[in-house]
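By convention in this document, chain letters (A, B, ...) are assigned in the order of the sequence lines, proteins followed by strands, and residues within each chain are numbered from 1. Just so it is clear, the values below take in all heavy atoms, side chains as well, and ignore hydrogens, waters and symmetry mates.
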2 protein chains.
Amino acid sequence: MLRRFAALVLLGGCCMQGKSDEGMWLFSNPPRQKLQEKYQISLSDDWLKHVQLASVRLNNGGSGSFVSPNGLLLTNHHVGSDALQKLSPPHKDYYLQGFTAKSREDELKCPDLEVNVLQEIVDVTSKVNEVVKSDMTPAQANAARRSVMAAIEKESLEKTGLRSDVVTLYQGGLYHLYRYKKYTDVRLVFAPEKAIASFGGDVDNFEYPRYNLDICFFRVYENNKPLESKHFLKWSANGPKEGEPVFVSGHPGTTQRLETYERLRFRRDVILPYTLTRLRNREANLMQFSAKSPTHAKWAQKDLYSTANARKAFSGQYQGLLDTSIMMSKKEQEAKLLGALNQMGKQDVAGSTRFAIDEIANIQSKLRKFYRDYMLLEVGDAFDSTLYKIARDLVRQRAELGKPNGERLREYRDSAKSSLELQLYSPAPIYPEVEITRLATSLTFLAEQLGGEHPTTQKILQGKSPANRAAELVLGTKLSSVDERKAFSKLSTPEMMQHQSDSMINLVKLIDEQARDLRKQFEESVEEPERQCYSTIANAKFAVFGTNIAPDATFTLRLAFGKVGGYEVEGKQLNYCTTFQGVFDRNKENGGVEPFDLPTRWTDGKSKLDLSTPFNFVSTADTIGGNSGSPVVNATGEFVGINFDRNRHGLVRNFVYTDVQARHIAVHSNAIRESLSKLYDVKPLLDELGLK
Amino acid sequence: MLRRFAALVLLGGCCMQGKSDEGMWLFSNPPRQKLQEKYQISLSDDWLKHVQLASVRLNNGGSGSFVSPNGLLLTNHHVGSDALQKLSPPHKDYYLQGFTAKSREDELKCPDLEVNVLQEIVDVTSKVNEVVKSDMTPAQANAARRSVMAAIEKESLEKTGLRSDVVTLYQGGLYHLYRYKKYTDVRLVFAPEKAIASFGGDVDNFEYPRYNLDICFFRVYENNKPLESKHFLKWSANGPKEGEPVFVSGHPGTTQRLETYERLRFRRDVILPYTLTRLRNREANLMQFSAKSPTHAKWAQKDLYSTANARKAFSGQYQGLLDTSIMMSKKEQEAKLLGALNQMGKQDVAGSTRFAIDEIANIQSKLRKFYRDYMLLEVGDAFDSTLYKIARDLVRQRAELGKPNGERLREYRDSAKSSLELQLYSPAPIYPEVEITRLATSLTFLAEQLGGEHPTTQKILQGKSPANRAAELVLGTKLSSVDERKAFSKLSTPEMMQHQSDSMINLVKLIDEQARDLRKQFEESVEEPERQCYSTIANAKFAVFGTNIAPDATFTLRLAFGKVGGYEVEGKQLNYCTTFQGVFDRNKENGGVEPFDLPTRWTDGKSKLDLSTPFNFVSTADTIGGNSGSPVVNATGEFVGINFDRNRHGLVRNFVYTDVQARHIAVHSNAIRESLSKLYDVKPLLDELGLK
């Protein structure tokens, strides 16, 4: 199946984004001409502003939208799962059983959920680039760039009071300042049962047809009152139809479409095998942990789901990159770009572009030498523990706050402080059993990767087996208490350095110098030089294609467009949508066994439902992980659905766009209305949504 | 917990096997003196002969025993699972639901189960060693040794008609010829439901307390009649009691207790990380495959169980080897051996032993360079497919049969032909879906290990993704038909070389030369030199300790002994046995949810049972994987139970024996009697066993 669209890519469809629906577009540079030509839609500035301000980003990696004037926020159940789990009292499980706030007073405040709404985009490319002089070493360039970015952010925060992030686009081709309104009082309003929210579970993940009510409602509060959300999406009367153009407004996480051939080779031969090994290790151990009892299963369910999901997604990417025709198409794109530059008489640009492409290859060779150490120690793959992360933030924040804002590690800059502390002092419960299992698994992974006698392994394990060492570390820290964390953060630097009694703090101190060195090496010998190279390549592309190329995804707000429509698999045509009848059929086919079980509310209430109601639908719009919870809107800006997944044909979209079979999958707006009004006791919610 | 017994090892308990119950002893050299001293038991030659002839080995890696004069064979349900699965017709699942043959006519013939009964052990050490001359290169020595072993086996087969295998003991210290009666007409008689046979499933695997009726009865036929099994174990009236000495007679697979420190380092830093990565990959993919439907689950259940089981066992070993005190104890043992030799005035032996120990370290460095290639291509980790294995045997058998018997790869020697062909022409069904998943998984593993551009990866994948290549290979072969296999084996060598139309045969041809080169390299630069070194070390040990050390396990018949008795875990005393009451309690505690569900026969029949009946029990006897299904007998040679597992404290027994907490776990003979007589409609079986 992969081979089929690969041929299409070779015909030149991909990179130019000519007639296809490719692109996760900037709201500041929407694909107006394409939309006019292909769908005869002209996007007004008002439409764009309205959709932008109705779209939200959640700090746990998902998207959502306002759907009422009173701060009502709709996202996916699987995006809300973290909050559902943290909010569940000991003998309840809102993730499994669902939740309904009977009144506003019953809405539950999430311990550490932050919501961002993008207000403004400012191009700061020249400001960032002008501090980098051509005679600077990469270390100097990196320091200068870091410093100017922190200054721009701090100045913006102080001036506007808005969360201000400088975003690197086109891998360094452009820098934009994104200003967000930030909300940290977010309360749970409604979630359906897990059985219907993720019907089909891991089995149907990345598959279609699907039957998921993957929704969760929160409400954003400001000053202890529901937010007045002037910009919210109105519910469409009919939802989307076959062939209709639709838009997805959300926060796609990361894509690698602008990466060079050599970078993708590194991804295929180093990053993905390493990542898959790590994920399978985690999955096997979490699975074994979960099987111990229903309580263990509850503790581990979110981690297990996200691990299995990531493993599947990365497996799909890996399969795609092993397909020679996909890799070859990347190589041809590079040749085409150089050819086009030469044809345009821009031999000098072609020369510097060729040089940049070669330099990126050299950078990968350098990275290969310390990639594993960097991932284990600095990114933290060796320390899969919430308590460890807290300990590290406490130790590092103390050290970084003593430096000027522009010289700190980016995550400790002034403008990021309050978001960091929301996480750091989150009262969400931490289960020692889960911590021990996760840490033991990752320490075992460390030993497997480096070998039992590597000085780093020995320093960390101290002669103990990973299982014993993990237990000792988790049981020897007091950082599960928020008060202890706060007390620790108040210690002076010398007090902190002398502090000996906390096992996790001691572990951080033991390896932090080594980890920081790796971070520095990464930033100076990989990140910064790569950025300069990609900036050259991006400018070459702008010269050839204009701004008719969207940047790679960066977990910032983007607009994708596409057409609602089914597709063919192995000679069989799949319809653009599924129906309620379908979920009952699939439940029956599988004997009602998990993950194909249904809540009794659904089996008992079947007769109340119009079984021909559309359930999920697919479109060609260009999405990726991070788009979970993104609203799907029609040309008039109405809410017609909520994105929650891609099919497996879409897994290679990290590298190349294809629309032959690849589709994103959304819950149809009619499905939400029909199920909420017939099966759930949520009249106030329906009233608020303007549904009968 | 691991640290605790490690300290004990350091005190010198381990290697000397002084007062401990350590040892998987040869029937030709039983630990008579130890038994006399510790338990005041004197083993008669008759007792030994009787138990030996009542013990059987199954060719799928398990053990068992005769329990009636009419060829009735008792083994574990999990040993029988392969046969249960292969014998199940499309709409039944004997593995899950159990099976009862109403009469002898209803007993079901297994497609490819072979049973061996050891008749005789002959020491052929001098015969094997005398062909190896001191001036031979390792290649010459290996050829000479292979040739003489094949000749001994062939001569013995021709003379006695018995299956004849030369077994390497003490890693090359001794060579014994084992002569077996071989039976290939083995029929299924009775199996209980999976829910009670492996109650607790993967969760309780390697744990205690346990509640498993892990039994399965087969009957061995000869000339289409039940075998007259004169030597069978009589059922004990009362079963084992706390503190009673017992014996385990079975076929432990492999241990590494005599391996040197440097070899264990290689195991820790190369073999185990590689193996765990492979197993977790397989487990994740089989899990995903199983979740698709109950049929998929049925197809994959045996592979999934064995993979999870192996992953758990190897994880335990890996944790143990990362514990510095265990590794250090190994190093000290080596120093002690050399010290003892010097004290005895045997400086020359000490010198050659020191040299052998160093040489084994050098061999590991050599092996490190090609270990991965060897495992992937020759051992076949890249080709996890039954069809591939069939294809390779067909191609290789043809090539090898053209050579003199003594020069062939060992598995194609004349004396092994009929056992090989039982497998090769087995009519057991092969499911293409399972084959594609397993092969895709292992081809992905190949790419991850070698990289996408490695010539071997490219040669094998041919530019396709592993998933697509696996589908092409499985759908392009006709070898699922036994007739096609037979037709293929009848082709002449030139016809076979020209044969082009079978995808699997073509794959074998593509890589067989490379695989054979790796095999040759392994045999000549690792296996043979290692054998010579271990032979030196073994002789040094014999000089110091006499034959008071048992050889490492080699999947040949051994006798272990120990004492029935509970142990303490985290301050809690565990009883030597569990009871029927316990299984109902644990079922209730876990809400009856799988893997803690019980067959309705058990829940409905609860009131019929004496709930104080012992269910499973533990003893200190020294067992390892391969001992599954071994009978546990008392001092008078009666059947008192059947071994089926070890606890997790026993997982490091691969490297060191410990009896502080480590135990093997067995089904109590009373549990079998009580459940069969009260819950199952198997009167003829009970009569045959001599049970009321």
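- The most heavy-atom pairs under 4.5 Å with chain A, out of K292(B), K312(B), Q458(B), E283(B), come from K312(B).
- For the residue pair Q319(B) and T444(A), a side-chain donor N or O sits within less than 3.5 Å of a side-chain acceptor on the partner.
- For chain A, the option among P466(B), G451(B), A471(B) with the highest count of heavy-atom pairs below 4.5 Å is P466(B).
- In this structure, chain A has a heavy atom under 4.5 Å from the side chain of M287(B), while its backbone stays farther away.
- Only the side chain of L276(A) comes within less than 4.5 Å of a heavy atom of chain B; its backbone N, CA, C and O stay farther away.
- Look at K194(A) and D93(A) and you find no salt bridge, because none of the NZ, NE, NH1 or NH2 atoms lies under 4.0 Å from a carboxylate O.
- For the set Q288(A), E589(A), E207(A), the count of heavy-atom pairs under 4.5 angstrom toward chain B peaks at Q288(A).
- Of the N and O atoms on the side chains of Y274(B) and D381(B), at least one donor lies less than 3.5 Å from an acceptor on the other residue.
- Looking at E453(A), both its backbone and its side chain come within 4.5 Å of chain B, counting heavy atoms on both sides.
- Contacts between F289(A) and chain B at a heavy-atom distance below 4.5 Å are absent for every atom of the residue.
- Of the atoms belonging to N281(A), heavy atoms from both backbone and side chain fall under 4.5 Å from chain B.
- For R311(A), the part lying near chain B is the side chain, with the backbone staying farther off; criterion is any non-hydrogen pair under 4.5 Å.
- Using a 3.5 Å distance cut-off with no hydrogens or angles, the side chains of T307(B) and R282(B) do pair a donor with an acceptor.
- Remark: E448(A) engages R280(B) in a salt bridge, criterion side-chain N to carboxylate O under 4.0 Å.
- A donor and an acceptor atom, one from each side chain of Q364(A) and R265(A), are nowhere located under 3.5 Å apart.
- Pairing each heavy atom of A447(A) with each of L322(B), the nearest pair is CB-CD1, 3.7 Å.
- In this structure, the portion of Y318(A) lying under 4.5 Å from any heavy atom of chain B is its side chain and not its backbone.
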